[in-house]
Amino acid sequence: MKKLILFLLAGLIAAAIAGCTNKASGTMRFDTTREYAVNSNNIVMNKEGSMIYTANIDINTVSFIDAKKQKVVAEVKVGKEPRQMTLSPDEKYLYVANMYDNKIDIVSIKDKKVIESLETGIEPFGVLTSQDGKTLYVANYRSGTVSVFDLQKKKQIKEIEVGDRPRSLAITADGGKIYVPQYLNGSITVIDTAQNKVIKEIELAESPNKSDQKKSQGIPNSLEQFVISPDGKTAWVPHMLTNVDTPIHFEETIFPAISVIDLERDVEILDERKELFDEINVSDSQNQTIIVSNPYDIAFKPDGSKAYAVMSGSEDLVVFDLKRGGNATQIVRRINGNNPRGAVVSPDGESLFVHNAMSHDLSVLKAGGGSYSRVKAAGESIALVSNDPMDPLEREGKTIFYSANSDEYAADITGNNWMSCASCHADGDMNGLTLTTPKGPRNVPSNVLTTKTGLFMWDGTRDDFEDYLLTVQGEMGGMMKYDPGQPLPKDVAHMYDAMFAFLDNPESFPPPKSPYRSKNGELSKAALEGKELFEGKAGCISCHGGENFTDSVKAVDGNGDLTTDNQDFLYDIGSASTLDKESAGDARAAMKNARDHKRFDTPTLRGVWATAPYFHDGSAKTLEEAISRHSTKEVTDLTKGEIVKIAEYVGTLE
């Protein structure tokens with residue numbers, strides 16, 4: 001009897017341990033193989049089209065939507081800043097990339113909760129499984145890598161270096177290749193999954209200069225997605241073209257484009273690129289070209305007859321007829337909702353669901369079955385979240401920042417829907433490009449800590465956020481009816497208050513974690529030596545001091561208020577060139593903020609490792625070059641080895 005009791009107890013203990021193990025690890029089966037191409041996205045639909053899942057970016061939840069009932073059935077709490085997701089091949093798990101938590105959450109579809117998390121590189125963005133579900137791939141935006149996880153062991157088995165700022169991921173139907181767009185530099189990395197090795201880089205071509213500066217031209221950047229067509233032969237990449245060699249002006253600088261990639265040869269098909277005024281060219285009732293902006297996502301009709309392009313800035317849907325030449329045949333103007341970023345199409349091709357990232361709702365549209373059918377809105381949008389924790393003023397500011405909708409606000413933020421603030425400040429940050437301005441070439445700065453670091457602009461010519469009226473008028477083509485020398489109407493000034501509130505929240509654009517620190521955050525021996533030089537012999541701290549490594553916050557008047565009149569903290573370090581021009585000041589400052597062409601404001605160094613190129617004109621490509629070109633006596637006395645050490649230290653600042 002005693003032996004029987006012990007045996008039963010042992011069995012109960014073993015069962016309890018097994019139960020705990022299963023619950024903790026989220027035991028998975030790998031008996032389903034996916035046979036179609038997929039890409040990571042902020043919106044995902046299951047194969048039969050019954051359920052839709054959305055990553056609610058700044059709410060930190062994932063919503064489960066019953067597609068037939070058009071109703072949210074669950075909202076699951078996940079990590080911070082969920083960007084993209086993917087379903088396991090058996091559709092039992094949802095993998096969610098949480099950008100600011102550096103982890104992947106594994107969500108049980110059945111239990112509707114996070115059952116486990118995996119630590120990743122810095123700022124995971126895109127996420128995919130292999131076709132058999134055994135391997136997980138994660139694009140680490142700041143690390144410049146793709147992490148490869150063995151899902152049976154829940155362990156990272158490899159980290160593949162793929163280049164600068166990888167975001168989305170796509171895998172071919174046979175599972176043999178993964179494509180990784182690099183967000184800013186117009187490249188797409190190709191990974192062979194059998195070897196977990198990079199086998200090619202696809203370079204998107206620059207669109208050549210044209211005599212008509214209002215026609216599409218420029219450098220490909222802001223590659224948002226890589227979506228493989230139903231037949232698996234091509235992929236579409238929505239991105240922008242930025243014209244850097246003409247003075248920045250809304251209708252001559254920023255253009256939407258969609259590049260098409262031949263997946264058999266892994267090359268761009270240049271003749272099939274979709275550009276404004278060419279393949280994206282639909283007229284309104286007055287025979288005027290409808291301008292669209294900030295292409296973000298692509299969804300194909302399952303039979304491959306049509307492609308739908310989501311334009312997040314102008315808030316439109318562009319319909320391409322692939323059976324009739326491949327050009328745009330319809331623009332659905334003003335999707336109901338703010339900042340559309342993703343779309344899925346039902347398996348029967350009849351319905352489209354568009355994910356609006358700022359209003360946190362799902363727009364429903366009917367596509368119709370025929371070749372000549374038109375896409376139309378269908379009913380009310382589906383609210384995705386139970387509560388928006390963001391302050392209403394900040395939410396308004398964030399929505400305006402990402403919007404190129406010229407009709408929605410008290411005043412037009414841009415001329416004729418051409419561009420949003422995010423068109424140059426890619427996803428709120430920088431775009432790695434130097435634009436042409438009347439003052440000379442100007443490197444697009446990051447918005448990290450932008451409200452905390454003193455004067456605005458490279459030459460410190462602005463001390464109030466409303467002064468960005470000059471940017472809206474001169475570069476974006478909006479608010480042209482207002483005299484810049486006069487106070488703005490209250491409702492228009494409110495728009496700037498809202499954007500300031502959004503940018504002023506330290507959670508909006510936190511300084512990125514540095515890959516040049518150890519995992520526990522410690523500095524290398526060389527970086528510590530660089531810190532000593534930075535604070536001592538090199539004299540860097542005399543300008544780059546304080547919490548934010550800048551002295552621009554000291555440019556104040558007798559009352560302690562920031563003022564452009566105080567030019568004591570502008571410096572000539574020898575970075576000016578013959579292209580830089582003097583300015584006589586501007587109307588916002590009653591022409592009292594004149595500037596020479598040699599002295600510039602001190603930028604923050606927090607997160608500077610991620611903001612190359614450097615200087616006001618982007619002429620320094622590396623931190624070492626930027627340091628060595630300071631013409632101060634302290635720097636000119638440094639050895640090459642000392643400069644390398646200082647650069648190593650500066651690269652760790654976050």
Side-chain angles (χ1 to χ4, degrees), residues 34 36-57 62-74 82-89 91 94-97 107 109 126-129 168-171 173 224-230 235-238 258 295-312 315-320 322 332 335-337 339-357 359-369 375-379 381-384:
R34 187 172 52 215
Y36 50 92
V38 295
N39 59 276
S40 59
N41 208 338
N42 55 73
I43 179 171
V44 178
M45 176 182 277
N46 65 3
K47 186 176 181 181
E48 70 176 17
S50 59
M51 291 294 296
I52 300 170
Y53 309 93
T54 61
N56 305 318
I57 295 171
V62 169
S63 294
F64 290 42
I65 304 101
D66 184 313
K68 185 175 181 180
K69 294 180 180 178
Q70 297 188 9
K71 179 181 178 182
V72 173
V73 295
R83 283 302 188 110
Q84 292 194 340
M85 314 170 294
T86 195
L87 279 167
S88 60
E91 299 187 340
L94 187 69
Y95 300 91
V96 184
V107 178
I109 298 298
V127 57
L128 277 181
T129 70
S168 185
L169 298 170
I171 190 168
E224 297 291 357
Q225 278 288 20
F226 190 98
V227 184
I228 297 175
S229 62
W236 286 30
V237 183
I258 301 166
Y296 208 99
D297 193 21
I298 304 293
F300 288 97
K301 204 163 188 175
D303 64 4
S305 62
K306 291 185 179 179
Y308 307 99
V310 174
M311 300 290 168
S312 64
E315 301 178 340
D316 304 318
L317 188 78
V318 181
V319 182
F320 295 89
L322 305 187
V332 182
I335 295 169
N336 186 26
N339 195 224
R341 293 195 184 187
V344 292
V345 182
S346 60
D348 62 7
E350 294 285 334
S351 299
L352 289 93
F353 299 89
V354 179
H355 179 208
N356 299 304
S359 51
H360 290 294
D361 53 17
L362 201 64
S363 295
V364 184
L365 301 97
K366 289 298 180 185
V375 177
K376 297 179 181 178
S381 297
I382 304 167
L384 295 174

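In what follows, residues are counted from 1 in the order of the sequence shown. Below, all heavy atoms of this structure are taken into account, side chains as well, without hydrogens, waters or symmetry copies. Every value quoted in this text rests on a predicted model; they were computed, and no experiment measured them.
Put simply, the side chain of D316 never gets that close to the backbone of M311: no donor and acceptor are under 3.5 Å apart. Side chain of Q70 to main chain of S381: no donor-acceptor pair is present (N/O by atom type, distance under 3.5 Å, no hydrogens or angles). Using modelled atom types, no side-chain atom of D297 and backbone atom of V310 make a donor-acceptor pair closer than 3.5 Å. With hydrogens and angles ignored, the 3.5 Å screen pairs a side-chain donor or acceptor of S346 with a backbone N or O of S351. Put simply, the side chain of E315 gets close to the backbone of N339: a donor and an acceptor are under 3.5 Å apart. Using modelled atom types, one side-chain atom of S40 and one backbone atom of L169 make a donor-acceptor pair closer than 3.5 Å. Side chain of D66 to backbone of K69: a donor-acceptor contact under 3.5 angstrom is found.
The two residues Y36 and E91 come nearest to each other via the heavy atoms OH-OE2, 4.0 Å. Taking every heavy atom of both residues into account, F226 and A170 meet most closely at O-CB, 3.3 Å. Between P82 and V96, the shortest heavy-atom distance links the atoms CB-CG1, 3.7 Å. Between P302 and G349 the shortest heavy-atom distance is CD-CA, 3.8 Å. Taking all atoms of both residues into account, the shortest heavy-atom contact from I57 to H360 is N-CE1, 4.1 Å. When all heavy atoms of I171 and L128 are compared, the closest pair comes out as N-CD1, 3.5 Å.
For S168 and N39, the side-chain atoms include no donor-acceptor pair closer than 3.5 Å. Side-chain contact of D361 with S363: a donor-acceptor pair under 3.5 Å is absent, judged by distance alone.
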Dump the intermediate steps for side chain to side chain contact (heavy atoms under 4.5 Å, CB included) on M85 and V107, then the final yes or no.
CA-CA 10 Å; M85 314 170 294; V107 178; over 6 Å; no
Could you walk me through whether I65 and Y53 pass side chain to side chain contact (heavy atoms under 4.5 Å, CB included), step by step?
CA-CA 6 Å; I65 304 101; Y53 309 93; 5.9 Å; no
Applying side chain to side chain contact (heavy atoms under 4.5 Å, CB included), run through V227 and N41 and close with a yes or a no.
CA-CA 10 Å; V227 184; N41 208 338; 5.9 Å; no
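The only option from L362, V44, I382 that meets the side-chain contact (heavy atoms from CB on, under 4.5 Å) definition with I52 turns out to be L362. Screening I298, V318, L365, V375 against Y308 for a side-chain contact (heavy atoms from CB on, under 4.5 Å) leaves a single residue, V375.
In this structure, I258 CD1 and Q225 CD are separated by 12.0 Å, a value rounded to the nearest 0.5 Å. Note: K47 NZ to R34 CZ = 10.5 Å, rounded to the nearest 0.5 Å. Note: H355 NE2 to N42 CG = 5.5 Å, rounded to the nearest 0.5 Å.
In this structure, the side chains of Y95 and S88 come closer than 4.5 Å at one or more pairs of heavy atoms. P340 has its side chain within reach of N356: a pair of non-hydrogen atoms, C-beta onward, lies under 4.5 Å apart.
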